[in-house]
Amino acid sequence: MRSEAYLCAMLAGALGLLLGVRQPGARLAACACFVLPLLALAWVPVPPPWRGAVCQAGWLGVLALTAALHLPPSSIPTGGRVLPVLLVALGAGCLAGAAMALRQQGSGLQGLPALALIGAASLAFGSRYRGLAKIVSGWLAAIALLNIALACLPLHPGYLPDHLE
Amino acid sequence: MPAQAHDGTGLAGGFAAGFAHPWSGCDHLLAMAAVGIWGAFLGRPLVGLLPLIFPAMMVGGAVLGMCNLWLPPVEIGIAVSLLVLGGCIAGALRLPVPAACAIVAVFAVFHGYAHGQELPSAADPVGYSMGFVLATGLVHLCGIALGRLQHGAAGRRLLQACGGAIALAGAWLLWSTVP
């Protein structure tokens with residue numbers, strides 16, 4: 001299953017969009033806040049009954065990150081300008097680390113390519129392209145919603161004929 | 001005759017299969033491009049709203065499809081979506097924001113329903129769903145880029161002609177689909 005790696009990439013992409021629009025200056029610090037829990041939590045064993053919940057939490061995290069992009073700037077807490085974004089990056093890193101632990105214990109290094117997504121998304125969708133960033137974040141939210149639904153619903157087996165056959 | 005992106009999936013799965021799916025048949029491709037072109041025609045805020053609404057409602061439709069809930073014949077809905085969206089572009093129709101959003105949302109449900117019913121569980125549904133949502137978004141962006149041609153008179157006429165062609169494709173698809 002590659003779905004854990006996809007989840008990690010989605011978290012990184014959504015975080016990158018958020019950074020690009022809200023706090024481009026904190027890119028490096030946010031990457032550090034993302035990667036440390038990613039590497040650490042990937043070593044934590046996840047009990048089998050919790051696996052589904054961890055996955056759902058990851059997709060909910062993607063939803064929350066994309067929703068934060070659509071909030072008006074005044075609604076973001078501004079206790080310290082950078083601190084809220086770093087806390088968000090830390091949370092995203094925790095979820096990504098937990099997702100990678102589902103894949104294989106200690107597989108955090110396999111999640112490191114996601115850092116490139118953070119950089120790429122934050123550089124490509126700066127505040128000048130806020131509108132485009134919101135559109136892309138809508139797609140990420142749609143993917144997250146679909147995957148939350150996928151976990152709860154029966155699927156059409158791919159090896160069976162579809163509704164037209 | 002079935003809509004072209006839905007001529008049977010067999011064993012398909014993974015990001016690549018999902019990404020390729022919307023490009024594989026002119027029905028989805030034209031409808032999604034039409035949403036982008038029409039959004040560009042309508043300008044702000046719809047140029048940003050329509051590409052947001054379509055994937056979101058497509059997910060709603062996909063969930064309906066996965067639950068096997070009843071929907072009017074999907075292929076007819078997809079054909080009508082081409083007819084209406086193409087007609088809106090051809091006529092350079094400027095509808096109010098809620099009306100344009102509602103039209104796109106309703107048709108997105110049909111496109112999503114078709115995808116949802118076929119979403120394969122056998123091979124990486126997460127990757128598949130990511131692929132088709134991202135491909136859908138990219139087709140919208142291509143449509144918006146095409147829609148920028150409207151700023152010249154010749155480009156505007158060309159776009160309206162494209163809209164007419166999309167509507168004709170929808171009419172042909174409808175003719176082929178209705179028993």
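Throughout, protein chains are lettered first and strands after them, A, B, ... in sequence-line order, and every chain is numbered starting at 1. Values reported hereafter were calculated over all heavy atoms of this structure, with side chains retained and with hydrogens, waters and symmetry mates removed.
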Next item on the list: Taking side chain to side chain donor-acceptor pair (under 3.5 Å) as the test, write out the residues that go with A:Thr66, two or more places apart.
Entry: none

Item checked: Contacts of B:Arg156 that satisfy side chain to side chain donor-acceptor pair (under 3.5 Å) - sequence neighbours left out ->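 With sequence neighbours excluded, B:Arg156 shows a side chain to side chain donor-acceptor pair (under 3.5 Å) to B:Gln150, given in chain and number order.
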
Check: Within the distance-only criterion (no hydrogens, no angle test), does the side chain of A:Arg51 pair as donor or acceptor with the backbone N or O of A:Leu102 below 3.5 angstrom?
Finding: yes

Notebook entry, point to check: Where the side chain of B:Arg148 meets the backbone of B:Ile37, is there a donor-acceptor pair that is under 3.5 Å apart?
Noted result: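 It does not hold such a pair.
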
Next item on the list: On the 0 to 90° scale, with breaks at 30° and 60°, tag the B:Phe15-B:Phe19 ring pair as parallel, tilted or perpendicular.
Entry: parallel

Check: Residue by residue, which of residues 136-146 of chain B have a heavy atom closer than 4.5 Å to a heavy atom belonging to chain A?
Finding: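 Within residues 136-146 of chain B, the residues under 4.5 Å from chain A are B:Gly137, B:Leu138, B:Leu141.
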
Check: Does anything in residues 32-52 of chain B pair up under ring-ring contact (aromatic ring centres under 6.0 Å, His included), and if so which pairs, sequence neighbours excluded?
Finding: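 As it turns out, there is no ring-ring contact (aromatic ring centres under 6.0 Å, His included) pair with a partner in residues 32-52 of chain B once direct neighbours are skipped.
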
